[in-house]
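Worksheet for the structure shown next.
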Amino acid sequence: MLTKTKKANIVKKLGGSEKNTGKVEVQVGILTKQIEELAKHLKINKKDIHSRKGLMKMISNRRKHMKYLAEKSPRRHTVVSKELGL
């Protein structure tokens, strides 16, 4: 689970300020951390089908956000991709 401090660090790192959670970069960063943590959970609990479905939705949502960012600002897209290791 993503704690408040981890989320605040992501927002500060990618959004500029602590309250700027609406930026696409911040949303992608938060989704990426959630995906990483859920992937760890699923490696241990292989039969957790409900969480796997949630993971697929998060991956799809992140993909849509990245596609939007690539269309609107390719420079920001490359910065976010390098920053998050995507």
Side-chain angles (χ1 to χ4, degrees):
M1 185 169 161
L2 199 61
T3 62
K4 287 184 180 183
T5 56
K6 288 181 184 179
K7 187 174 179 180
N9 289 338
I10 295 168
V11 172
K12 186 184 273 188
K13 183 178 172 184
L14 295 174
S17 70
E18 295 177 3
K19 298 189 181 230
N20 194 1
T21 58
K23 249 180 135 172
V24 178
E25 293 92 336
V26 174
Q27 293 178 15
V28 169
I30 291 171
L31 281 170
T32 301
K33 281 296 182 187
Q34 287 177 336
I35 289 169
E36 289 172 0
E37 290 188 7
L38 192 54
K40 288 179 193 174
H41 168 78
L42 288 172
K43 285 182 182 178
I44 297 168
N45 304 297
K46 297 182 189 282
K47 294 187 178 186
D48 191 355
I49 304 301
H50 297 290
S51 294
R52 190 173 310 279
K53 185 174 180 181
L55 176 68
M56 292 299 128
K57 285 183 180 181
M58 280 190 243
I59 291 171
S60 173
N61 198 3
R62 181 178 66 180
R63 186 179 300 127
K64 289 175 188 176
H65 279 81
M66 291 298 284
K67 183 178 177 183
Y68 169 81
L69 194 57
E71 290 173 0
K72 294 297 179 182
S73 178
R75 183 182 56 80
R76 285 171 42 198
H77 178 267
T78 56
V79 169
V80 171
S81 295
K82 288 180 184 176
E83 188 78 28
L84 297 174
L86 300 178

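When every heavy atom of His77 is checked against every heavy atom of Met66, the shortest pair comes out as CD2-O, 3.2 Å. Closest approach of Asn20 to Lys23, counting heavy atoms only: ND2-CD, 3.4 Å. Residues Leu84 and Gly29 share a closest heavy-atom pair of CD1-CA, 3.7 Å.
Between Val11 and Ile30, some side-chain heavy-atom pair lies under the 4.5 Å cut-off. Side-chain contact between Lys13 and Glu83 is present, with heavy atoms from C-beta onward closer than 4.5 Å. Side-chain atoms of Glu25 and Leu69, non-hydrogen and from C-beta on, do get closer than 4.5 Å to each other. Contact annotation: the side chain of Lys53 approaches that of Lys57 to within less than 4.5 Å [non-hydrogen atoms, C-beta and beyond]. Between Asn61 and Gln27 there is no side-chain heavy-atom pair separated by less than 4.5 Å.
At a threshold of 4.5 Å between side-chain heavy atoms, the hydrophobic network of Ile, Leu, Val, Met, Phe, Trp and Tyr places Leu38 and Met56 in one connected group. Tyr68 and Leu31 fall into different hydrophobic clusters, where Ile, Leu, Val, Met, Phe, Trp and Tyr are joined by side-chain heavy atoms under 4.5 Å apart, directly or via other members. Linking ILVMFWY residues whenever their side-chain heavy atoms come closer than 4.5 Å, directly or via other members, places Val80 and Ile10 in the same cluster.
Of the possible polar contacts, one joining the Thr32 side chain to the Val28 backbone as a donor-acceptor pair under 3.5 Å is found.
Looking at Glu71, Arg63, Lys64, His65 one by one, the single match for side-chain contact (heavy atoms from CB on, under 4.5 Å) with Lys67 turns out to be Glu71.
The CZ atom of Arg52 sits 8.5 Å away from the NZ atom of Lys46 when rounded to the nearest 0.5 Å. Rounded to the nearest 0.5 Å, atoms OG1 (Thr21) and CG (Leu14) are 12.5 Å apart.
Summarising the local packing, NZ of Lys7 is surrounded by 12 or fewer heavy atoms from other residues, nucleotides or ligands at distances under 6.0 Å.
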**Request:** Just do the side chain to side chain contact (heavy atoms under 4.5 Å, CB included) check on Arg62 and Leu86 with the steps written out, would you?
**Result:** CA-CA 11 Å; Arg62 181 178 66 180; Leu86 300 178; 3.4 Å; yes
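A salt bridge between Glu37 and Lys40 is absent, with no side-chain N of the basic residue lying under 4.0 Å from a carboxylate O of the acidic one.
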